[in-house]
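A, B, ... follow the sequence lines: proteins, then strands. Residue 1 opens every chain.
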Amino acid sequence: MMLLLRLFAEFFKVGLFSFGGGNAMLPLIYQSIQKFSQLGTSAFSDMVALSQVTPGPVAVNAATFIGLEAGGIPGAVFATLGVCLPCFLIMLIVIRLLDRFRGSTLVEGAFAGIRPVTIGLLLAAVIFIMNGVLVKGPVVSAEMADPGYYNWIPIGIFAVSILLISLLKLKPLHVMLIMGAAGALIYGVM
Amino acid sequence: MQKKTEGATSNKKRDEGMINLFWEFFKIGLFTIGGGAAMIPQIQQVATEEKGWLTEDEMLDCIAMGQSLPGVIAINIGTYVGYRQRGLAGALAATVGVVLPAFLSILILVAVLGAIGDNPWIAGAFTGIKAAVCGLLIVTSVKLLLQMCKGRDGTYARKSHVVFTVIMSVLSLVAVGFFGITAVLVILAGIVIGIVYYRITVMNGSREVDK
């Protein structure tokens, strides 16, 4: 029971103090692993690799994985609850506050600033996802002049998805299903 | 499902079932591959265009908050959308829905570990999905940007608002994407700049009205 509570508390902290979502949470998660002695750096790299190839938020994948390794299925449940609860509660509080202070200069001004920043963050996320998928290393690098640096199949998939969503107006879910199937076929057969 | 029976308040929007909320968010969670931002094209399409759960402006604010508050973006957004639909219970249904695929997939994967990581078909499927997500996110970002440039309820001088929006977007993209500055700092800077900008434009606006 002690272990379960510790897992919960540790991941509660991760959820509470990490901003920017997903990969930005990994350093904090790494620190929290150290407190569960049976898990080392190799478990961490396993976990990062797993989170990349599993659906869902990386932080939730990580919490479930580490909780499972440390304390079985109950451990997985407690760690996952821990990482989810802070943002759930904070969001509920913020919604209440917003409903009260909507229209004040501070709140409206803050939103006027955050809204365009959101676009920048979304496009930055695109760059992070592109790293290692569309190109072999970081998107901006000295090797950009070398055609061998680009992964041409994913680039093709990328271009076709833009056409499917903007010209044919397919739903995002359907584009992802089609491209997932295309990727499986292309890489599975090759 | 139907414990609320104050007939007057149950318009069509309130009727959006708990199971429906859960199921839509479960699907979104299942296809959040490559980080929390990957869910945004889906949530934008499902919640505003398909279900009409949020207006386009509400969705903008919801995404902005999801990225600015601590924790998992998917949960922030799920909580917001669920709460706006069905209060606390709706927030819970959406959050559990968006988290469950991540939780279950790890349990299943660890049970059969090794078999999946090396499978070229599955690795290929994920590569395909991530490449598609890049395209979807760019299209969604442009859509949101255009919508922002329209401004709302005439609070902004149009041209200067477009310039402000574009410059702020580009600056934060460069700061986070190319210089690796943490998102928190960029968001905090955005809040400060936004408040100053809002003061100036609102003051100018009211002065013009006074004339």
Side-chain angles (χ1 to χ4, degrees), chain A residues 15-16 18-22 53-57 59-61 64-65 68 80 84 86-88 90-91 95 106 108-127 129-130 133 154 157-158 161-162 165-166 171-173 175-176 179-180 182-184 186-188, chain B residues 29-37 41-42 45 60 63-64 67-76 79-80 83 95 99 101-103 105-106 120-121 124-132 134-137 139 141 145 148 165 168-169 172-173 176-177 183-184 187 190-191 193-195 198:
Chain A
L16 192 58
S18 53
F19 289 82
V53 295
T54 42
V60 178
N61 292 150
T64 308
F65 181 75
L68 189 64
T80 306
C84 296
C87 34
F88 182 74
I90 290 172
M91 192 47 137
I95 295 174
L106 281 183
E108 294 303 319
F111 269 105
I114 300 174
R115 269 179 226 124
V117 168
T118 299
I119 303 292
L121 293 182
L122 285 183
L123 292 173
V126 173
I127 293 179
I129 302 173
M130 281 179 172
V133 176
I157 292 178
F158 164 76
S161 336
I162 291 184
I165 192 93
S166 54
K171 291 179 187 177
L173 178 61
V175 175
M176 286 193 274
M179 292 312 170
I186 294 170
Y187 287 97
Chain B
L30 196 57
F31 282 87
T32 302
I33 290 164
Q42 288 185 79
Q45 187 264 335
L60 265 180
I63 296 172
Q67 292 199 314
S68 310
L69 296 174
V72 186
I73 294 173
I75 297 178
N76 287 335
T79 306
Y80 184 88
Y83 186 85
T95 303
V99 165
F103 180 77
S105 63
I106 291 287
W121 293 78
F126 280 93
T127 302
I129 292 174
K130 281 190 206 169
C134 293
L136 298 182
L137 263 177
V139 173
S141 302
L145 185 67
M148 251 176 241
T165 303
M168 289 286 283
S169 309
S172 36
L173 165 63
V176 178
V184 202
I187 289 166
I191 291 176
I193 297 171
I195 291 172
Y198 190 78

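Taken to the nearest 0.5 Å, the CD atom of Q67(B) stands 8.5 Å off from the CD1 atom of I119(A). Here the CD1-CD1 distance, from I75(B) to I90(A), works out to 11.0 Å after rounding to the nearest 0.5 Å. Between the CD1 atom of I195(B) and the CZ atom of F111(A) there is a distance of 11.5 Å, given to the nearest 0.5 Å.
The candidate from V139(B), L145(B), L173(B), T165(B) with the greatest count of non-hydrogen atom pairs under 4.5 Å with chain A is L173(B). Taking P172(A), S161(A), A124(A) one by one and counting their heavy-atom pairs under 4.5 Å with chain B, the maximum is reached by P172(A). For chain B, the option among I157(A), I127(A), V175(A), L123(A) with the highest count of heavy-atom pairs below 4.5 Å is L123(A). Interface remark: of the candidates A37(B), S68(B), A74(B), S68(B) forms the most heavy-atom pairs closer than 4.5 Å to chain A. Of the residues considered (G135(B), S169(B), G29(B)), S169(B) shows the highest number of contacts with chain A, using heavy-atom pairs under 4.5 Å. In terms of heavy-atom pairs under 4.5 Å with chain A, the best-connected choice from V176(B), I63(B), I193(B) is V176(B).
Looking at every heavy atom in both residues, I33(B) comes nearest to P55(A) through CG1-CA, 3.9 Å. Across every non-hydrogen atom of T127(B) and P154(A), the tightest pair is CG2-CG, 3.9 Å. V60(A) and F103(B) make their closest contact through CG1-N, 4.3 Å (heavy atoms, listed as atom of the first residue, atom of the second, distance). The two residues M91(A) and L69(B) make their nearest non-hydrogen contact at SD-CD1, 3.5 Å. For the residue pair Y198(B) and A112(A), the shortest heavy atom distance occurs at CD1-CB, 4.5 Å. Heavy-atom minimum distance, M168(B) versus G113(A): CE-O, 3.8 Å.
Put simply, the side chain of C87(A) does not reach to within 4.5 Å of the side chain of T79(B), judged on heavy atoms. Between I187(B) and L121(A), some side-chain heavy-atom pair lies under the 4.5 Å cut-off. Considering only heavy atoms from C-beta on, M148(B) comes within 4.5 Å of P116(A) through its side chain. Within the 4.5 Å cutoff, the side chain of C134(B) has no heavy atoms near those of the V133(A) side chain.
Interface remark: Q45(B) contributes side-chain atoms only to the contact with chain A (heavy atom separation under 4.5 Å). Only the side chain of T95(B) comes within contact range of chain A, with heavy atoms under 4.5 Å apart. There is no contact between I186(A) and chain B, counting heavy-atom distances below 4.5 Å. Both the backbone and the side chain of L122(A) come within less than 4.5 Å of a heavy atom in chain B.
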Side chain to side chain contact (heavy atoms under 4.5 Å, CB included) evaluation trace for T80(A) with I106(B): CA-CA 11 Å; T80(A) 306; I106(B) 291 287; over 6 Å; no
